[in-house]
Amino acid sequence: MEKQNDVDKIVSLAKRRGFVFQSSEIYGGLNGCWDYGPLGVELLKNIKEEWWKSMTYREDVEGVDASILMHPKVWEASGHVANFTDPMIDCKQCKARFRLDVLGDSINQKKKDKAVIETKTEFKANAQVLERIENKLSNPGDEDPFNLLLEDAEISKVLLSKLNCPQCGNPNTFTDARKFNLMFKTFIGPVEDNSAVVYLRPETAQGIFVNFLNVQGSARQKLPFGIAQIGKAFRNEINTKNFLFRTREFEQMEMQFFVKPADDKKWYDYWKAERLEWFKSLGMTPSKLRYHDHPQNKLAHYAKEATDIEYEFPFGWGEIEGIHNRTDFDLSQHEKFSGKSLKYFDEESKEKFVPYIIETSAGASRSFMAFLTDAYYEEEVKGEIRSVLKFHPRLAPLKAAILPLVNKDGMPEISREIEKTLRKNFKVFYDDKGAIGRRYRRMDEAGTPYSITVDTQTLEDRTVTVRERDSMEQVRVSIDQLTNYLSDKLLNS
RNA sequence: GCGGGCGUAACUCAGUUGGCAGAGUGUCAGCUUCCCAAGCUGAAUGUCGCGGGUUCGAGCCCCGUCGCCCGCUCCA
């Protein structure tokens with residue numbers, strides 16, 4: 001109950017203040033799609049900009065911006081075509097769902113053997129199918145032969161009817177296997193046939209891998225070095241969930257760091273520490289951040305070592321960034337599928353090899369939600385509730401508000417002058433509507449760190465008050481020092 | 001994909017047995033106002049998520065559908 005309220009509160013605030021709107025709202029919305037409003041787009045842009053600066057304003061990382069549509073073979077090489085199409089079955093009785101390729105793991109051997117025998121009996125008039133069954137049973141490789149049988153549509157249909165649901169134990173309750181293709185498919189050109197199929201990228205990383213030598217050569221980089229990219233990616237998830245957390249369209253901030261294989265551990269540890277520090281440096285509550293190291297037996301097909309940086313959302317801990325040792329898997333696969341060498345020649349050792357890759361992959365949309373959630377506070381001030389978004393000043397959508405204390409005596413004119421000057425460098429907001437206290441509170445709720453107020457003293461000595469959002473304390477600053485004052489706060493906080 | 005909850009103004013929500021569409025907050029205009037959602041006056045804003053049905057009459061009952069939240073499942 002409380003959890004739900006927390007998420008709802010954020011969703012409601014996000015809409016009311018123009019951070020996030022539901023996509024296509026006037027048409028009833030589109031499942032799991034969201035639009036960023038005026039304040040949201042600024043916050044998102046600032047998050048991406050901070051990431052970009054911290055990741056690429058250094059001599060060993062270059063940037064790219066690759067096309068979302070890529071050659072379809074990229075996704076065969078990456079493993080996504082195979083791994084993104086897990087056939088699934090449901091139990092009609094208890095509604096449990098299983099991945100067909102691992103169903104065998106949850107059924108004991110005796111029952112499996114029995115089901116296979118019954119299946120063979122059913123096919124006894126069909127020599128062709130019987131041969132396929134025997135063939136799979138006798139040449140299982142390192143697979144469970146039972147799972148191999150399930151992969152064959154014709155055999156699996158009968159085999160499934162001989163099995164009991166591992167969840168509820170009822171016999172013959174499985175639906176037919178259905179494929180869930182998690183990549184969005186579309187077509188290049190006007191003809192929608194198979195030769196024109198392309199995919200919306202399910203991760204930005206591949207755009208970096210295929211450009212490895214282009215970037216290395218043109219930027220005259222040597223190992224170790226990285227390539228960074230920010231961009232949208234798409235996964236046709238079965239379910240969307242938790243506001244911006246699980247969506248089908250999302251934005252990634254990825255950096256792939258190319259290293260000598262022997263140095264992989266060193267750089268994995270380096271980036272693991274570096275990336276957690278980034279979130280903390282932008283004010284995220286340290287106690288709400290943690291690592292989740294992946295155990296060896298749960299690693300993805302390409303990874304040697306992996307950890308998630310998790311944030312404690314109102315709904316629980318959730319991954320906002322993954323750090324992986326991808327080994328030489330990706331580049332080797334692209335060598336294989338493209339026929340082009342992606343080896344690096346090391347001048348010192350005179351060796352030619354495929355580099356290892358340490359990946360840092362952060363979700364921009366997820367980081368947005370984490371920063372937004374983390375910044376939200378409700379405080380009691382003189383018996384009233386003050387809602388305030390305590391964004392780090394560099395992330396705040398608006399940097400300062402300019403407020404004439406009253407709308408007379410030349411205060412609006414001076415305020416407009418200040419606004420004009422500050423606008424050259426900062427996203428600022430001019431507000432002369434309503435009482436000053438109300439205007440401060442409005443800015444609190446938008447997360448604006450500084451409010452500049454023009455009062456009677458301004459008319460005498462050209463100074464204004466600057467009110468700090470979190471402490472609500474004020475200092476007097478000379479008008480001609482305002483740009484310096486704000487610059488200093490933004491750079492050094 | 002399954003189950004549960006919800007959907008009424010920008011936001012939070014009320015809406016009685018099926019009988020005129022409401023409140024608070026916010027927004028806007030004016031007055032007032034020299035520092036923290038103050039006060040006064042006035043104003044605008046509704047396909048009651050959408051589509052059907054029942055009924056003399058539906059925000060309310062029924063069916064379908066879409067969306068959000070929760071749980072399961074999924075999340076290489």
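In this text the structure is predicted, and so the values were computed from the model without any measurement. Just so we're on the same page: letters track the sequence lines, and every chain starts at 1.
With sequence neighbours excluded, the residues that form a side chain to side chain donor-acceptor pair (under 3.5 Å) with A/Lys48 are A/Glu251. Remark: A/Lys390 pairs with A/Glu379 by the salt bridge (charged side-chain N to carboxylate O under 4.0 Å, His left out) rule, at least two apart or across chains. In this structure A/Arg248 satisfies the salt bridge (charged side-chain N to carboxylate O under 4.0 Å, His left out) test with no other residue, sequence neighbours excluded. With sequence neighbours left out, A/Lys45 forms a side chain to side chain donor-acceptor pair (under 3.5 Å) with no residue at all. A/Phe368 is linked by a ring-ring contact (aromatic ring centres under 6.0 Å, His included) to A/Tyr36, counting only residues two or more places apart in sequence or in another chain. Scanning for side chain to side chain donor-acceptor pair (under 3.5 Å) contacts around A/Lys489 gives an empty result, with sequence neighbours left out. Under the ring-ring contact (aromatic ring centres under 6.0 Å, His included) criterion, A/His71 pairs with no residue, sequence neighbours left out.
In summary, A/Lys288 and A/Glu310 do not engage in a salt bridge, as defined by a charged side-chain N under 4.0 Å from a carboxylate O.
Judged by distance alone, with hydrogens and angles left aside, A/Gln474 brings a side-chain donor or acceptor within reach of the base of B/C35, the pair sitting under 3.5 Å. Put simply, the side chain of A/Arg386 and the base of B/C36 share no donor and acceptor less than 3.5 Å apart. For B/C35, the base has a donor-acceptor partner in the side chain of A/Asp455 [N/O atoms by modelled type, under 3.5 angstrom].
With rounding to whole Å, A/Glu359 atom CD is found 12 Å from B/A76 atom C1'.
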Donor-acceptor pairs under 3.5 angstrom involving side-chain atoms of residues 369-378 of chain A: please list them, not counting sequence neighbours.
residue, atom, partner, partner atom, Å
A/Thr373, OG1, A/Met369, O, 2.6
A/Asp374, OD1, A/Thr285, OG1, 2.9
A/Asp374, OD1, A/Tyr311, OH, 2.7
A/Asp374, OD2, A/Thr285, N, 2.9
A/Asp374, OD2, A/Thr285, OG1, 3.1
A/Tyr376, OH, A/Glu378, OE2, 2.7
A/Glu378, OE2, A/Lys9, NZ, 3.3

Contacts table for residues 405-418 of chain A: side-chain donor-acceptor under 3.5 angstrom, sequence neighbours left out:
residue, atom, partner, partner atom, Å
A/Asn407, ND2, A/Asp432, O, 3.0
A/Ser415, OG, A/Met411, O, 2.7
A/Arg416, NH1, A/Glu419, OE1, 2.9

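Going from the C1' atom of B/U65 to that of B/C11 covers 27 Å, rounded to whole Å. B/G64 and B/U54: their C1' atoms are spaced 15 Å apart (whole Å).
Both key distances under 3.5 Å define a Watson-Crick or G-U pair, and stretches of 3 or more such consecutive pairs in RNA chain B run B:1-7 with B:66-72, B:10-13 with B:22-25, B:27-31 with B:39-43, B:49-53 with B:61-65.
Using a 4.0 Å heavy-atom criterion, one finds that A/Glu203 contacts the bases of the nucleic acid, with or without backbone contacts as well. Residue contacts shown for A/Thr247 are absent, as no nucleic acid heavy atom lies under 4.0 Å away. Backbone-only engagement by A/Ser12 is indicated by non-hydrogen atom pairs under 4.0 Å involving sugar-phosphate atoms exclusively.
The ring-ring contact (aromatic ring centres under 6.0 Å, His included) test with A/Phe245 is passed by exactly one of A/Phe313, A/Trp34, A/Trp317: A/Phe313.
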Would you list the protein and nucleotides 25-27 of chain B atom pairs, both N or O, that sit under 3.5 Å from each other?
residue, atom, partner, partner atom, Å
B/G26, OP1, A/Arg438, NH1, 3.0
B/U27, OP1, A/Arg442, NH1, 2.3

request  = List the protein contact pattern of nucleotides 44-50 of chain B with one symbol per nucleotide (5' to 3'): B for base contact, S for sugar-phosphate-only contact, - for none; contact means a heavy-atom distance under 4.0 Å.
outcome  = ---B---
